[in-house]
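Scope of the values below: all heavy atoms of this structure, side chains included, with no hydrogens, waters or symmetry mates. Chain identifiers are assigned alphabetically (A, B, ...) following the order of the sequence lines, protein sequences preceding nucleic acid strands; residue numbering begins at 1 within each chain.
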Number of protein chains: 4
Amino acid sequence: MPKLAENTEVISRKPGRPRSEKARKAVIQSTLELLMSSGFNDLNIESVAARAGVGKATVYRWWPNKAELVIAAFISVVEEQLRFSSSGPFEKAIHDQMKNWVPVYRSPLGQVITTVIGAGQSEPEIMEAFRKYWVEPRRHEARESLRLAIKEGRIHSGLDPDTIIDLFYGPLYLRLLITNAPLTPAYVDLVFHTVIRGLRP
Amino acid sequence: MPKLAENTEVISRKPGRPRSEKARKAVIQSTLELLMSSGFNDLNIESVAARAGVGKATVYRWWPNKAELVIAAFISVVEEQLRFSSSGPFEKAIHDQMKNWVPVYRSPLGQVITTVIGAGQSEPEIMEAFRKYWVEPRRHEARESLRLAIKEGRIHSGLDPDTIIDLFYGPLYLRLLITNAPLTPAYVDLVFHTVIRGLRP
Amino acid sequence: MPKLAENTEVISRKPGRPRSEKARKAVIQSTLELLMSSGFNDLNIESVAARAGVGKATVYRWWPNKAELVIAAFISVVEEQLRFSSSGPFEKAIHDQMKNWVPVYRSPLGQVITTVIGAGQSEPEIMEAFRKYWVEPRRHEARESLRLAIKEGRIHSGLDPDTIIDLFYGPLYLRLLITNAPLTPAYVDLVFHTVIRGLRP
Amino acid sequence: MPKLAENTEVISRKPGRPRSEKARKAVIQSTLELLMSSGFNDLNIESVAARAGVGKATVYRWWPNKAELVIAAFISVVEEQLRFSSSGPFEKAIHDQMKNWVPVYRSPLGQVITTVIGAGQSEPEIMEAFRKYWVEPRRHEARESLRLAIKEGRIHSGLDPDTIIDLFYGPLYLRLLITNAPLTPAYVDLVFHTVIRGLRP
DNA sequence: CAATAATCGAGACGGTACGTCACGTCTTCTT
DNA sequence: AAGAAGACGTGACGTACCGTCTCGATTATTG
């Protein structure tokens, strides 16, 4: 994260040729493209480099292994992704967030996400990155508004925010990852309303 | 499909030396062992063969690729797994099934299952086998008792059995695959009771 | 060599199914065919067996390795080959033999012979068989008539029969094996007459 | 053929890491060693690479098959071999060359040569290389001095230089490749003098 | 005529080497 | 110092044959 350095007036730069931003972007881009077309296993760094028009060593200089490269690619695409933000009662906030879910997972990003989750089953650091850069930022908001609702007694006792979020999102991930059942807005609504009913005090 | 042969009194065996059952078992066994210790990517057929004391060609003769081999290993271990069966009202049947979930996923089989689901994200046929041999047989029972409950009007209208099953199991799979949160009996109970409340008419 | 047994009145045969002459011939035949089309290295016993419509074990039962098989095939084809025989002065005998050489080495047998000589460079037993079944029988005659000529003083002193035969045949083998120069009757005559001149006392 | 590059002042090198001369030499050396100890058939590229301390892929990168590798090894060893050169009348030149023959074929190189000739019976390109790099350079001289002698009428009419060379060397190759008779200086002399007599006008 | 025994075709077995591919590292010249 | 290019040693890939084995079926001799 070279953000700090950029903020300072006098940039104390390392000697030698600076890193090529063009190369970095090309690598990330070709990684994403191959990730969408081939899956994690078939993704090989030789192809990434070739497609990016970059030397293999350049890839290895900046990303020590395939997992890190995939994580970086994932993060870069996630950062472009708008974070949905909503106000109002927790029911509305969560419902809005859930409705936003469907188009995201149907987009090319959806393919990257399932690939990342799949790879994450064998590579803990990938899973960790997924949680950190994708799951947590999205859980954060929901968790806050749920905490408030619990304090106000508007939710059945004994439930903690994370379990509640699991109840809302679990069925969605289930369809995404295991069942090949379609992820429709109607389905999302059905899940939402049933869980809401179960949460009532 | 050797149906013709089965119809005849004398089973006409194929000519040539018959397949070695010993070799088959050894391969499946070593696949499972390596699957538990290494994950899908690191599983290589050369090691499987070596550990099984079997020629590499013997592996390839019967399983055309790694995916098929893993599927076969998965099925073999699943077939040994008792299917839980319960009677009584649907609430009890599902609750019993869910409580049975925890020890299974904590056992070595659990490791195999997450690996299979992970690999299945890139290899559709693995996912299909997982659904066919693991998910479906377990859903079947629950679906039946839910269908009955719906007909009797004991469940909130508009819900179909599969969505209900998603509601019960989604949160569990979420913890298993993504969150590293512990899968405790208490958590299972919490999920169960909340969903049950949501299902009431 | 079951000749002795065949000569006796009562054939004391071993119990069990006797060797299939049909299979033997098919193997030898397919060996020869493959030998002509592929050379020694590319000849593999699996193809021999397949082409002969014979089990692999049947081949191995009777010929312990490729070399023996090739030798057997070579001998079988050689035995069908008429041995040329001539009388009269040694000059005529050898000249006739040499003239007979050209068509033999141009026939399919020629291809087998160069292959056998080639293989014999690495496999001594093949070379030995070649010498025993091909070279020696042909040298024998020539050697006898040369021995007589030497005794009669019709050949320059100091020369032994085998060296003389080398002088006649060496150039022919040289063209056959190394130079790709054509093996014509004219060339054979030239060699013959020059050596004859060199042999005069 | 980098003729263009050679014409320019600055030799424009190909991009990328240059070929390792060390690896090349090690491969050739280990090929020769194995060739002397095992023959062509038993020579396998895996062993060549292992003995040379080189990756198998490095061997295949530069020599597409065993034949090319053997040819390269043969050429390299031949290039180190001094070319014998003599002056004076053709009789002396050829006699000297022939006397030089015996120690060469008794040396380790002799083993390589018979192996190459043997392999060359099945692999035309090996034979071609043998002719080009071994036979022809040695024939060249002899051919020139014979051509002169023929023009001067010192050789019996009707003989061309190559046939004459065949007469001298044919018997030697015959003993080398087929007969296991010893290749002695006395034998060489006998052949030489007899052929010389046959050549007289 | 049954029992015994060696052969047959077929093809699976544990192996070894093949030639290819991608790995992650390196060595060159260029920027 | 970083870039592209590409060779390096390594090791797994999936294939092809090796020579051995285990089947059921066949064909002879022996009791």
If you check every side-chain atom of [X], which of [options] has the closest atom?
X        : options                   : answer
Trp62(A) : dC8(F), dG14(E), dG3(F)   : dG3(F)
Ala23(A) : dG3(F), dC13(F), dC13(E)  : dG3(F)
Ala57(D) : dT10(F), dG24(E), dA12(E) : dT10(F)
Tyr60(B) : dT15(F), dC8(E), dA22(E)  : dT15(F)

If the cut-off is 4.0 Å, is [X] near the phosphate of [N], judged by side-chain N/O to OP1 or OP2?
X        : N       : answer
Thr58(C) : dG9(E)  : yes
Trp63(C) : dG19(F) : no
Ser20(D) : dA7(F)  : no
Arg61(D) : dC8(F)  : yes

Picking from Leu35(B), Asn41(B), Asp42(B), what satisfies side chain to side chain contact (heavy atoms under 4.5 Å, CB included) with Ser38(B)?
Asp42(B)

Earlier contact from the 5' end, DNA chain E, for Glu46(A) and Glu21(B)
Glu21(B)

More 5' along DNA chain E: Asn65(A) or Val54(B), using each one's nearest nucleotide?
Val54(B)

Rounded to the nearest angstrom, tell me the gap between atom [atom1] in [X] and atom [atom2] in [N].
X        : N       : atom1 : atom2 : result
Lys56(C) : dC17(F) : NZ    : P     : 10 Å
Arg24(B) : dG14(E) : CZ    : P     : 14 Å
Asn41(A) : dA12(F) : CG    : P     : 16 Å
Ile45(D) : dT20(E) : CD1   : C1'   : 13 Å
Leu69(B) : dG14(F) : CG    : P     : 11 Å
Phe40(C) : dC18(F) : CZ    : P     : 11 Å
Glu68(A) : dC23(E) : CD    : P     : 16 Å
Leu43(D) : dC18(E) : CG    : C1'   : 13 Å

All N/O contacts under 3.5 Å from nucleotides 29-31 of chain E to the protein, with atom names and distances to one decimal?
{"unit_1": "dT31(E)", "atom_1": "O2", "unit_2": "Arg17(A)", "atom_2": "NH1", "d": "3.1"}

Pair listing, side-chain hydrogen bond (donor to acceptor under 3.5 Å, both in side chains) test, anchored in residues 50-76 of chain C, at least two apart:
Glu33(C)-Arg51(C), Glu46(C)-Lys56(C)

Does a side-chain heavy-atom distance below 4.5 Å link Val77(C) with Ile28(C)?
no

Looking at side-chain heavy atoms only, is the closest gap between Phe40(B) and Glu123(B) below 4.5 Å?
yes

Using modelled atom types only, decide if a donor and an acceptor are shared between the side chain of Thr114(B) and the backbone of Gln121(A) within a distance under 3.5 Å.
no

Any sub-3.5 Å donor-acceptor pair from Thr115(D)'s side-chain atoms to Gly39(D)'s backbone N or O?
no

5'-most by nearest nucleotide on DNA chain F - Ser47(B) or Arg19(A):
Arg19(A)

Find the distance between CZ (Arg24(A)) and NZ (Lys22(A)) and round it off to the nearest 0.5 Å.
14.0 Å

The side-chain contact (heavy atoms from CB on, under 4.5 Å) partners of Glu128(C) (sequence neighbours excluded) come to Arg131(C)

